[in-house]
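Computed from heavy atoms alone, side chains included, the values below leave out hydrogens, waters and symmetry copies.
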Amino acid sequence: MQLVRSVKPANVISYRNVRIKNWSSDARLDGKTSIVTGANTGIGKETARDLARRGARVILACRDMEKANDAAKDIINDIGRNTVIPCKLDLADTKSICEFAEQIYNSESQQITSRSKILCCFVNLAQSCFEMQYGVNHLGHFFLTFLLLDLLKQLRPARIISLSSITHSMGKSQFDDLNSEKSYHPVKAYVQSKLANVLFTRELARRLEGE
């Protein structure tokens with residue numbers, strides 16, 4: 001299984017197309033399952049399309065189910081295989097994250113010998129004290145990874161892929177004001193969340209080394 005976290009970066013795709021060559025792979029992914037967040041548009045959708053084209057069963061984890069269904073139909077029509085599954089996931093709401101994780105455990109449980117229980121309290125991150133970009137870009141994905149980690153370990157080989165942004169280098173963790181309550185600027189909040197993605201991924205890799 002593969003969990004791909006997709007968060008929309010700044011709109012620099014046209015610039016990158018000029019400066020960076022398109023990447024492609026011939027590696028087949030038959031028999032593998034990938035979960036792609038934010039998969040109904042942009043980089044998330046194109047990631048899902050490429051994975052499905054190379055044989056993976058792809059779960060589109062999206063907040064808007066109408067857009068998710070449209071994206072799934074578009075990808076299926078393009079690749080000619082019905083291996084794309086739209087699922088509800090609102091990364092601003094821990095109840096939605098828990099329900100999604102439970103759904104994944106149930107759908108993948110036939111591949112493992114035991115299944116962990118998912119126990120959590122429900123908090124709407126968007127309505128809590130968390131700034132929205134930090135809550136969705138980092139905390140929501142952090143929580144989702146935490147809930148799916150035991151399953152991913154049991155389905156080894158597995159991987160977790162985090163998509164950040166080069167703008168993380170502009171970020172600074174404001175530990176005394178993570179929620180931007182003292183001073184808010186959307187760009188500063190965004191780059192802080194992108195830096196959190198990088199730091200989280202580095203620490204996760206350290207803790208999972210050898211597993």
Side-chain angles (χ1 to χ4, degrees), residues 1-14 16-17 20-92 96-112 115 136-137 140-165 197 201 204-205 208:
M1 174 179 279
Q2 182 170 271
L3 172 61
V4 183
R5 303 174 44 200
S6 173
V7 181
K8 296 177 186 177
N11 186 18
V12 295
I13 295 177
S14 297
R16 287 182 177 177
N17 286 342
I20 302 173
K21 292 182 179 179
N22 290 331
W23 179 89
S24 62
S25 172
D26 295 328
R28 295 298 303 172
L29 300 173
D30 303 278
K32 299 184 182 296
T33 296
S34 294
I35 300 169
V36 183
T37 63
N40 62 278
T41 189
I43 289 176
K45 182 179 178 182
E46 294 311 310
T47 298
R49 189 193 307 274
D50 182 72
L51 295 172
R53 182 179 287 121
R54 291 191 281 130
R57 170 174 165 261
V58 182
I59 297 172
L60 310 183
C62 306
R63 179 176 58 86
D64 188 321
M65 284 305 297
E66 182 177 351
K67 293 180 179 179
N69 287 324
D70 289 343
K73 291 177 183 177
D74 179 55
I75 295 172
I76 290 170
N77 289 335
D78 182 25
I79 67 173
R81 289 191 303 276
N82 190 15
T83 56
V84 181
I85 306 164
C87 289
K88 173 76 173 180
L89 173 62
D90 184 350
L91 286 160
S96 176
I97 298 171
C98 286
E99 290 172 347
F100 175 81
E102 187 70 33
Q103 182 178 355
I104 296 301
Y105 266 87
N106 288 336
S107 65
E108 306 303 321
S109 60
Q110 69 272 13
Q111 301 184 44
I112 56 179
R115 182 164 69 89
V136 172
N137 290 357
H141 284 98
F142 180 100
F143 188 42
L144 176 62
T145 303
F146 169 75
L147 292 179
L148 294 180
L149 198 54
D150 285 343
L151 177 64
L152 290 168
K153 288 179 179 179
Q154 293 178 72
L155 292 176
R156 289 180 294 179
R159 66 181 62 190
I160 300 164
I161 300 172
S162 298
L163 176 64
S164 186
S165 165
N197 291 158
T201 305
L204 186 66
L208 295 180

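With a 4.5 Å cut-off on side-chain heavy atoms, L91 and F100 do not count as touching. Using a 4.5 Å heavy-atom cutoff, the side chains of E46 and D50 are not in contact.
A donor atom on one side chain and an acceptor atom on the other are found under 3.5 Å apart for H141 and T37.
Partners of D30 under the salt bridge (Lys or Arg N to Asp or Glu O under 4.0 Å) rule, at least two apart in sequence or in another chain, are R28. Applying the salt bridge (Lys or Arg N to Asp or Glu O under 4.0 Å) criterion to D90, with sequence neighbours excluded, gives no partner residue. Applying the side-chain contact (heavy atoms from CB on, under 4.5 Å) rule to K67 yields the partners N40, D64; only residues at least two apart in sequence or on another chain are considered.
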Quiz: residues 70-80 side-chain donor-acceptor pairs under 3.5 angstrom, not counting sequence neighbours:
{"from": "D74", "atom 1": "OD2", "to": "K45", "atom 2": "NZ", "distance (Å)": "3.0"}
{"from": "D74", "atom 1": "OD2", "to": "R49", "atom 2": "NH1", "distance (Å)": "3.4"}
{"from": "D74", "atom 1": "OD2", "to": "R49", "atom 2": "NH2", "distance (Å)": "3.0"}
{"from": "N77", "atom 1": "ND2", "to": "K73", "atom 2": "O", "distance (Å)": "3.1"}
{"from": "D78", "atom 1": "OD2", "to": "R49", "atom 2": "NH1", "distance (Å)": "3.1"}
{"from": "D78", "atom 1": "OD2", "to": "R53", "atom 2": "NH2", "distance (Å)": "2.8"}

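In terms of modelled atom types and a separation under 3.5 Å, the side chain of N197 and the main chain of N137 share a donor-acceptor contact. In this structure, the side chain of R54 does not engage the main chain of L29 through any donor-acceptor pair within 3.5 Å. When atom types are taken as modelled, the side chain of K88 and the backbone of R63 share a donor-acceptor pair closer than 3.5 angstrom.
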### Task
Dump the intermediate steps for side chain to side chain contact (heavy atoms under 4.5 Å, CB included) on L149 and L208, then the final yes or no.
CA-CA 10 Å; L149 198 54; L208 295 180; 3.9 Å; yes
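When each of L147, L152, L148, L144 is checked for a side chain to side chain contact (heavy atoms under 4.5 Å, CB included) with I104, only L148 meets the rule.
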